[in-house]
There are 2 protein chains.
Amino acid sequence: MVTIYDIARLSGVSKSTVSRVISNHPHVSAETRSKVLNIMQQHQYVPNSLAKQLRQKQTKSIAILVPNLNHPYFSQLVSYLSAACYAKGFKTVVHQTFSSKQIEIDVYTQLQRNEFDAIILASSSTLSEEEVAAYTENKLVIACNEDYSGTYFDVFCLNEEEVTMKATAYLLNKGISKLGFCSDYIDSPLQQARLKGFISAHDKKGLNYNKDFLFNHISTIEDGIKLGEKIFHEHLEIEGIIAGSDFVAAGLIKSAVNNNIQIPQYFSIIGFDNHPISLVTSPQISTISNCIQEMTTELVDHVIRKMNGSKQTPIKKVYNGEVIIRGSC
Amino acid sequence: MVTIYDIARLSGVSKSTVSRVISNHPHVSAETRSKVLNIMQQHQYVPNSLAKQLRQKQTKSIAILVPNLNHPYFSQLVSYLSAACYAKGFKTVVHQTFSSKQIEIDVYTQLQRNEFDAIILASSSTLSEEEVAAYTENKLVIACNEDYSGTYFDVFCLNEEEVTMKATAYLLNKGISKLGFCSDYIDSPLQQARLKGFISAHDKKGLNYNKDFLFNHISTIEDGIKLGEKIFHEHLEIEGIIAGSDFVAAGLIKSAVNNNIQIPQYFSIIGFDNHPISLVTSPQISTISNCIQEMTTELVDHVIRKMNGSKQTPIKKVYNGEVIIRGSC
DNA sequence: TTGTACGCGTTATCAA
DNA sequence: TTGATAACGCGTACAA
């Protein structure tokens, strides 16, 4: 392997000069620069990033933490985050926690060991905010998508509570009052926010919701199908449901069709995320749009700024989702 | 920041001994070991991975190259690959090329600069095999999912040609002979293999295919819908289609429904990948299963072995997909 | 504009 | 079982 020292020797200059050429420093004569560049080309010199990283204590890489990448929402989120990072000269290390506390802690350890410059926590943590903060002290962590408090680290998320309230109110106002609610992990800040919105919409109308109709651990198409079978076979008294995701909604619709339940006449459904799948079911899925593109772009901008800049108190930025009415309600 | 040297000083031993403790080397007395471990705990010492990586010329990270992560197939593929790497103690850096040659070359440059130990090329390259080999000489590259030759680097892929031939033959044998074929990027080895299978099924029956019915750049639900509108509005003489993906198939079905075209009576569809979406359309989608789990596990095992072991001639491993008949044909 | 000399934090080699 | 010392390849004050 040819090193910076070899290039220096072959060019008849010092390491420092070669280094300056590599880094595009000024104060190098045009003559020297071209001479060095020539030698570099001739010998196919490639700088070693590890040495540079060690010296500068910067890896130019950012870790993204998600529960699972094999998922229509998270894959989209990571796609945008990763692209935004790349645009700023950073590469992204993807970590799937599969909701394992051990894996999550592993990642925080890697952060402490300087294996990346920051973590984007793009999901709920299996730890409390305080614990996360403790594991990552003096390092940079940003929460994306989850409704954290904003006291320990910066937060970028959707107005989950408000928009869920709006969607729920839409159904209630149509006289559809026996409602169900699906979540993947009900303990996460995101799902808690949605649940709050679901409840407060009931409160405003002076209605009660049925705790038996809060379904947890529902996240895939298959889960939606199974839940539908349960609802329609056991003849649960549910008239509508906030589905948690468009994929779950698609499964529910499929199950309703199988059981000859007319949608929206006898059963109403609202999904989440405005995924293209909501266009191909019959009927099409009413859903809630997110602001992934805007959110991820601004988040990454913020991370980069913060990496160079000074410490400041955390910020929390909230984006507005919107209810989109189609055929399923 | 507390370094290995600080720990050595505070423990009253040398750097070397501390290093041995960290690395779980033998030949350290139990007494010394526990003493050092104590000091490390007290001062919350965390080793710096960058220094270790520089010294050992190993990053314990592997890059995965895909065109786009916001995609039902690639997100699944990366999910499995990433999980398999993690299980072997490697982290994964995800790079989306968006089919940009420049971005792809960037990644190869990073490989040369030792920013990761290997690349898994999980898609078609924008470069020829020779070019990729040239950019990555002396480094480790493995192809996943694409039907490369196996002369320049190791290849793990599906029997795309054979299985596409079977699917095509299934339709032809039912008397459905005016067939279309969708691809995302027709120039990729994968799509070329599928096309070969499509054609050879026709050849075996002594039939011709219509070149006007080879549709390129079709990959999303929306693309499928648009293509359906074109087919049904312009009354193209197509009786069936090999859709390239279940998402495209879902879009086509939606469009057929919109235009009152009965499936499979008047139009047949076969998708790819056996994604859960094939369960929620009406009718359900006939499709082709892949072997992602087996393929990715064996591939990662192979990468790891090869990283430690000696050079050997590349291998090519082919997995068998299967045609799954449901309602759409 | 260029060169000298040192430091980044760790592991590997060799000798004791 | 331990320690001294030399790498690993590069960036950067500081001096010239």
Side-chain angles (χ1 to χ4, degrees), chain A residues 1-37 39-40 43-60 109-117 138-139 308, chain B residues 1-37 39-40 43-61 89 109-117 138-139 308:
Chain A
M1 158 179 277
V2 39
T3 74
I4 197 175
Y5 184 75
D6 299 322
I7 301 299
R9 193 168 35 77
L10 292 164
S11 313
V13 298
S14 75
K15 276 197 317 180
S16 334
T17 302
V18 178
S19 177
R20 290 189 189 101
V21 171
I22 295 170
S23 313
N24 270 317
H25 261 280
H27 302 304
V28 176
S29 74
E31 189 188 7
T32 312
R33 165 161 285 135
S34 73
K35 184 173 61 184
V36 171
L37 284 174
I39 302 284
M40 277 168 44
H43 295 78
Q44 307 207 41
Y45 166 71
V46 186
N48 184 324
S49 294
L50 290 177
K52 175 175 176 170
Q53 287 170 21
L54 172 61
R55 187 58 232 252
Q56 307 198 138
K57 298 183 184 308
Q58 247 224 48
T59 60
K60 287 284 184 181
T109 304
Q110 293 186 16
L111 179 67
Q112 295 292 4
R113 296 187 176 192
N114 291 301
E115 304 194 15
F116 19 80
D117 302 334
N138 306 324
K139 302 284 180 174
N308 310 322
Chain B
M1 159 179 275
V2 37
T3 74
I4 198 173
Y5 185 75
D6 299 322
I7 301 299
R9 196 169 33 77
L10 292 165
S11 313
V13 298
S14 74
K15 279 195 308 181
S16 329
T17 302
V18 177
S19 176
R20 290 188 190 101
V21 171
I22 295 170
S23 313
N24 269 317
H25 263 280
H27 302 303
V28 175
S29 76
E31 190 187 4
T32 311
R33 164 161 286 135
S34 72
K35 183 173 61 183
V36 171
L37 285 173
I39 301 284
M40 277 170 42
H43 295 78
Q44 307 208 41
Y45 165 72
V46 186
N48 183 325
S49 294
L50 290 177
K52 175 175 176 171
Q53 287 170 21
L54 172 60
R55 187 59 232 239
Q56 305 196 140
K57 297 180 183 309
Q58 247 224 48
T59 60
K60 287 283 185 185
S61 76
T109 305
Q110 293 187 14
L111 178 67
Q112 296 291 4
R113 296 186 175 189
N114 292 299
E115 303 194 16
F116 18 80
D117 302 334
N138 306 322
K139 303 283 179 176
N308 309 322

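Order of the sequence lines sets the chain letters (A, B, ...), proteins ahead of strands, with each chain counted from 1.
The side chain of A:Q56 places no N or O atom within less than 4.0 Å of a non-bridging phosphate oxygen (OP1 or OP2) of C:dC8. Look at B:Y45 and you'll find a side-chain N or O under 4.0 angstrom from OP1 or OP2 of C:dT10. Phosphate proximity of C:dA5 to A:K15: absent, as no side-chain N or O sits under 4.0 Å from OP1 or OP2. Between A:S14 and C:dG3 there is a side-chain polar atom (N or O) within less than 4.0 angstrom of OP1 or OP2. Between C:dG3 and A:T17, a contact under 4.0 Å exists linking OP1 or OP2 to a side-chain N or O.
Atom CG in B:L54 sits about 17 Å away from atom P in C:dG7, given to the nearest Å. As a whole-Å value, the separation of B:N24 CG from C:dA12 P is 14 Å. Rounded to whole angstrom, the span from the NE2 atom of B:H27 across to the P atom of C:dT11 amounts to 17 Å. Rounded to whole angstrom, the span from the CD1 atom of B:I22 across to the P atom of C:dA12 amounts to 12 Å. Put simply, CE on B:M1 is 10 Å from C1' on C:dC8, counting in whole angstrom units. For A:K52 and C:dG7, the NZ to C1' distance is 18 Å, given to the nearest whole Å.
As judged by a 4.0 angstrom heavy-atom cut-off over every strand, B:S16 is placed among the base-contacting residues. Within the nucleic acid shown, A:S19 comes within 4.0 Å of at least one base atom, counting heavy atoms only. Residue contacts for B:S49: at a heavy-atom cut-off of 4.0 Å it reaches no nucleic acid atom on any strand shown.
At least one donor-acceptor pair under 3.5 Å links the side chain of A:D117 to the backbone N or O of A:K60. Side-chain atoms of A:S11 do not come within 3.5 Å of backbone N or O of A:V13 as any donor-acceptor pair. A donor-acceptor pair under 3.5 Å is absent between the side-chain atoms of B:S23 and the main chain of B:R20, judged by distance alone.
Across all non-hydrogen atoms, the minimal contact from B:S14 to B:A8 is C-CB, 3.6 Å. Taking every heavy atom of both residues into account, A:I22 and A:M40 meet most closely at CG1-SD, 4.4 Å. The two residues A:K139 and A:Q112 make their nearest non-hydrogen contact at CE-OE1, 3.6 Å.
Mapping B:G12 and A:Y5 onto DNA chain D via the closest heavy atom, the residue that lands nearer the 5' end is B:G12.
Screening B:I4, B:L37, B:V36, B:L10 for a side chain to side chain contact (heavy atoms under 4.5 Å, CB included) involving B:Y45 leaves a single residue, B:I4.
Where the helix from C:dT1-D:dA16 to C:dA16-D:dT1 starts and where it ends, the local axes point in directions that differ by 30°; five pairs per end, rounded to 10°.
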* Before giving the answer on side chain to side chain donor-acceptor pair (under 3.5 Å), spell out for A:S49 and B:N114 the whole-Å C-alpha distance, their side-chain angles and the decisive distance to 0.1 Å. => CA-CA 6 Å; A:S49 294; B:N114 292 299; over 6 Å; no
Worked check of side-chain contact (heavy atoms from CB on, under 4.5 Å) between B:L111 and B:F116: CA-CA 6 Å; B:L111 178 67; B:F116 18 80; 3.8 Å; yes
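If you walk DNA chain D from 5' to 3' and mark each nucleotide with an atom closer than 4.0 Å to a heavy atom of chain A, the marks span D:dG9 to D:dA13.
Below the 3.5 angstrom threshold, one finds a donor paired with an acceptor across the side chain of A:R20 and the base of C:dG3. Residue-to-nucleotide contacts include a donor-acceptor pair under 3.5 Å from the side chain of B:R55 to the base of C:dT11.
Under 3.5 Å, the side chains of B:T32 and B:S29 contain a donor-acceptor pair of N or O atoms.
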